[in-house]
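Here the structure comes first, spelled out in structure tokens, and everything after it is commentary.
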Number of protein chains: 2
Amino acid sequence: MRILLLEDEPEMARALLEALRRRDVLADHVRTIADADAMARVGTYDVLVLDRRLPDGEGLDLVAALRQRKYPVPILVLTALGSIDHRVDGLDSGADDYLAKPFAIEELLARLRALQRRGPAISDKYLNFGNLSVDPRSNEISIAGSVVEFPRREYLVLEALMRRPNRIVTRSNLIEAVYALEDEIGSNALDAHISRIRKKLVQAGAAAEIRAVRNIGYLIRAKA
Amino acid sequence: MRILLLEDEPEMARALLEALRRRDVLADHVRTIADADAMARVGTYDVLVLDRRLPDGEGLDLVAALRQRKYPVPILVLTALGSIDHRVDGLDSGADDYLAKPFAIEELLARLRALQRRGPAISDKYLNFGNLSVDPRSNEISIAGSVVEFPRREYLVLEALMRRPNRIVTRSNLIEAVYALEDEIGSNALDAHISRIRKKLVQAGAAAEIRAVRNIGYLIRAKA
DNA sequence: CGACATGTAATGTAGCCGCAATCTTTGGCA
DNA sequence: TGCCAAAGATTGCGGCTACATTACATGTCG
């Protein structure tokens, strides 16, 4: 599962991100409404999670704007304001669920799953690029029409790249996507994974390749 | 406002063209993907509007092809297929907005205006000048429609110049753009990079050139 | 115990990039 | 206008380094 988290409080954000990552929920984190809007335009998410009070405005305004544009992804609103009135405001604006702080991480996860399940038959079913297709729900990858097995780490790297085809994904992004925070990585483990992924890609006849961007990271793009 | 309309159904096309004309929107109308591709290469448009099902193929394939060539103009996709899955496909392929038939002309016009308005933001993704296009997100440069490889330092120099076309960028600015602070540069390394960039530019048929400004720096400008 | 995943390390390798040598252009000045 | 010094342009060369690949050890799960 893949979510966009819009949260400006550093502590809350960090705790959430860590908890989500342990559950294999991939979260993009932004701190402003403007950034969230931009990410929602280009990214593909299962659920959007946002705070109400944000440095550049009111979260519900973003909800309204997205819904006005028929943005189809379910939205869950976090807030420190737990009163019923506010809750109604949240739902009226077009959000799909509402969660008052403080809350148990487990409850958040349960609600995310619920939203994903009942979600308007959304989208993130597959990440497609070239003849590659990644299914984030089953963690299956198919290349040129047939399923190719990838071990966990390799899968996570490739999924991270597929989330942003044609765009550079930094080494640190990739490492974050693959490893829990506490895991320390000492050497060229990432390089080794890339190498193994490449081997599988060519072996399966993928129409995409992974290129290194020196000193920065990697990107996946159409094969020359 | 000036748009390119790719629509093969005669009735729909005629109705749209008339409505657009009343709103002082200049529309070029083509019926095939091939024609649209040709027009996009030579014409200058604010928005490209296209249908999905077309006599010579699938409209989204054109979108993908244009985006692969870094074609910077916002694209709005019309379709009779209104399901969310299709919507996501459309956005994934690189389109900027999506409109399901049937729709009110007013809504189309509103979306066109929106795309035009945020158009600069889109081309902000790309730095365009002449037939050069720089994509800072992938560090890719395309010249006359095809991608040209630039090594890291050359890319950084060219990107810095492309951020201020027709204006002088000082040597120190360029060096700052290319080198980390601690890196000291002892000789004419910058000149060497400029030279190598120039060679690639002429080789790729760029309609721009880099001129030296004695004792100050360099600038990029339209080729004589 | 066997198969597989995955971090680590050793080794290979490509190609970037700085340097310097040489050639060309420019502009100041008489 | 002609000359010269300085700035810029070009190009080959070689070292460096990040990346690639492979083998191996360790861990893990059945």
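Note on naming: letters A, B, ... go to the chains in the order of the sequence lines (proteins, then strands), and numbering restarts at 1 for each one.
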Self-check item: Arg196(B)/Asp191(B) ion pair, N-O < 4.0 Å
Solution: no
Self-check item: Whole-Å distance separating the CG atom of Asn215(A) from the P atom of dG15(C)
Solution: 16 Å
Self-check item: Spacing between Glu154(B) atom CD and dA9(D) atom P, to the nearest angstrom
Solution: 15 Å
Quiz item: Could you state the CZ-P distance from Arg214(B) to dT24(C), rounded to the nearest angstrom?
Solution: 17 Å
Quiz item: Quick one: His193(A) NE2 to dT6(C) P, roughly how many Å, whole number?
Solution: 6 Å
Quiz item: Have Ser133(B) and Asn128(B) got a donor and an acceptor in their side chains that come within less than 3.5 Å?
Solution: yes
Exercise. Send over the distance from Leu156(A) CG to dA5(C) C1', rounded to a whole Å.
Key: 13 Å
Exercise. Quick one: list whatever passes side-chain hydrogen bond (donor to acceptor under 3.5 Å, both in side chains) with Ser172(B), sequence neighbours left out.
Key: Thr170(B)
Which atom pairs link the protein and nucleotides 20-23 of chain D when you take only N or O atoms and keep those under 3.5 Å?
residue: dA20(D); atom: OP1; partner: Arg198(A); partner atom: NH1; Å: 2.8
residue: dA20(D); atom: OP1; partner: Arg198(A); partner atom: NH2; Å: 2.6
residue: dA20(D); atom: OP2; partner: Tyr218(A); partner atom: OH; Å: 2.6
residue: dT21(D); atom: OP2; partner: Ser195(A); partner atom: OG; Å: 3.4
residue: dT21(D); atom: O4; partner: Asn188(A); partner atom: ND2; Å: 3.0

Quiz prompt | Results of side-chain hydrogen bond (donor to acceptor under 3.5 Å, both in side chains) for Arg167(B) - residues two or more places apart only | solution = none
Quiz prompt | Net bend of the helix from dC1(C)-dG30(D) to dA30(C)-dT1(D), end axes of five pairs each, nearest 10 degrees | solution = 30°
Practice problem: Determine, stepwise, if the pair Arg163(A) / Glu159(A) fulfils salt bridge (charged side-chain N to carboxylate O under 4.0 Å, His left out). | Solution: CA-CA 6 Å; Arg163(A) 278 160 62 251; Glu159(A) 183 188 321; 5.1 Å; no
Practice problem: Any pair with a residue in residues 208-221 of chain A that passes side chain to side chain donor-acceptor pair (under 3.5 Å), sequence neighbours left out, goes on the list, sorted by first then second residue, please. | Solution: Arg211(A)-Glu149(B), Arg221(A)-Glu140(B), Arg221(A)-Glu149(B)
Quiz item: CD1 of Ile216(B) versus P of dG8(D): gap in Å, rounded?
Solution: 10 Å
Quiz item: Within a reach of under 6.0 Å around NZ of Lys199(A), are more than 12 heavy atoms found that belong to other residues, nucleotides or ligands?
Solution: no
Self-check item: Between dT28(D) (C1') and Arg153(A) (CZ): distance, integer Å
Solution: 12 Å
Quiz item: What pairs with Asp35(A) under side-chain hydrogen bond (donor to acceptor under 3.5 Å, both in side chains), at least two apart in sequence or on another chain?
Solution: Thr32(A)
Quiz prompt | Among Asp28(A), Leu62(A), Asp37(A), Val49(A), the one residue meeting side-chain contact (heavy atoms from CB on, under 4.5 Å) with Leu6(A) | solution = Leu62(A)
Quiz item: Could you give the CD1-to-C1' distance, from Ile197(B) to dC17(C), as a whole number of Å?
Solution: 12 Å
